[in-house]
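Here is the structure we will look at, set down as structure tokens.
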Amino acid sequence: MQVLYEDNHIIIVNKSSGEIVQGDKTGDTPLSETVKDYLKVKYAKPGAVFLGVAHRLDRPVSGVVVFARTSKALARLNRMFQQGEVHKTYWAIVETHPQPLSIPSPHYREGSGESLLTHWLTRNEQQNKAYAYDHEVPGSKKAMLRYRPLAQGERYTLLEVQLMTGRHHQIRCQLAAIGYPIKGDLKYGARRSNPDGSISLHARRVEFIHPVSHQPIIVEAPVPEDSLWQQLSALRPESLDL
């Protein structure tokens, strides 16, 4: 576990792929318990340690996870996530397509390099899978995100994705719907799995106003140590970091 930011009210860590954020039926030790143990030892707390889960990442996804250390912070973070006041940026590796991603979509914003994706998603609980439609259907929820290419190799492209809504498997489902499944994501059409069982989706950055101090917080997680992540990240023009 890598701590990215910590104060009296919140703690932000870099989750590894394969870790679960909160306990589930597998019985595997969740990241939340690992963080509790860390806080208990660091601050020599004799009793139970409070830790609130404000949001989650899918098990095969890596990157930034925000936890609350106080009930006040948890209540405010929950509201902020629900109201879209927490801005999350993801990086995803997808297979390079015959049609380059740099070609503008119908919703391309001139000069921004970004494209906007809008779908209506339904969720199949039994399959634990989302399905995307280009129009509203019964039981669907509107899903929106922006994406732009950051770097492109011979076989794979690195995308930056900014969520505008928070739906189940939203990035995985929406990118697959336009023909760009995330590397390793067999559930959404990837050709093969990653050796470690991960999918190449990384919660890169989180930005919000601190729920107690009201100071701006911007935290970024380093990319996974996998060679492909490192190679594509190194290909980015510096201007794309602005």
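Two residues are said to be in side-chain contact when any heavy atoms from C-beta on lie closer than 4.5 Å; His169 and Asp58 meet this criterion. Proximity of Phe208 to Val206: side-chain heavy atoms (C-beta onward) are separated by under 4.5 Å at one or more points. Between Met80 and Pro211 the shortest side-chain heavy-atom distance falls below 4.5 Å. Residues Lys183 and Val94 are not in side-chain contact: their nearest non-hydrogen atoms beyond the backbone lie 4.5 Å or more apart. Residues Ser233 and Trp91 form a side-chain contact, since some pair of their non-hydrogen atoms from C-beta on lies under 4.5 Å apart. Annotation: side chain of Asn128 is in contact with side chain of His168 (closest heavy-atom distance under 4.5 Å).
Of the charged side-chain nitrogens involved, none lies within less than 4.0 Å of a carboxylate oxygen, so that Glu207 and Lys88 do not count as a salt-bridged pair. A salt bridge does not link Glu160 with Arg146: every distance from a Lys NZ or Arg NE/NH1/NH2 to an Asp or Glu carboxylate oxygen is 4.0 Å or more. A salt bridge links Glu220 to Arg205: one of the charged nitrogens lies within less than 4.0 Å of a carboxylate oxygen. A salt bridge links Asp28 with Arg59; the closest basic N to acidic carboxylate O contact falls under 4.0 Å.
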Which atom pairs, donor and acceptor, lie under 3.5 Å between side-chain atoms of residues 129-136 and protein residues at least two apart or in another chain?
| residue | atom | partner | partner atom | Å |
| --- | --- | --- | --- | --- |
| Lys129 | NZ | Lys187 | O | 3.1 |
| Tyr131 | OH | Gln127 | OE1 | 2.5 |

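Under the side-chain contact (heavy atoms from CB on, under 4.5 Å) criterion, Gln2 pairs with Leu4, Asn14, Pro222, not counting sequence neighbours.
Judged by distance alone, the side chain of Gln170 and the main-chain N or O of Arg167 form a donor-acceptor pair under 3.5 Å. Judged purely by atom type and a 3.5 angstrom limit, Asn194 has no side-chain atom pairing as donor or acceptor with the backbone of Asp196. Between the side chain of Lys15 and the backbone N or O of Glu19, at least one donor-acceptor pair lies under 3.5 Å. Distance alone, capped at 3.5 Å, places no donor-acceptor pair between the Ser140 side chain and the Thr122 backbone. Looking at Arg192, its side chain never comes within 3.5 Å of a backbone N or O of Gly184 through a donor-acceptor pair.
Pairs passing the ring pair (Phe, Tyr, Trp, His ring centres under 6.0 Å) check and including a residue from residues 10-42, sequence neighbours excluded, do not occur.
Aromatic ring pairs are classed by plane angle as parallel below 30°, tilted from 30° to 60° and perpendicular above 60°; the pair His55 and Phe81 is parallel.
Looking at Gln215 and His210, their side chains never bring a donor and an acceptor atom within 3.5 Å of each other.
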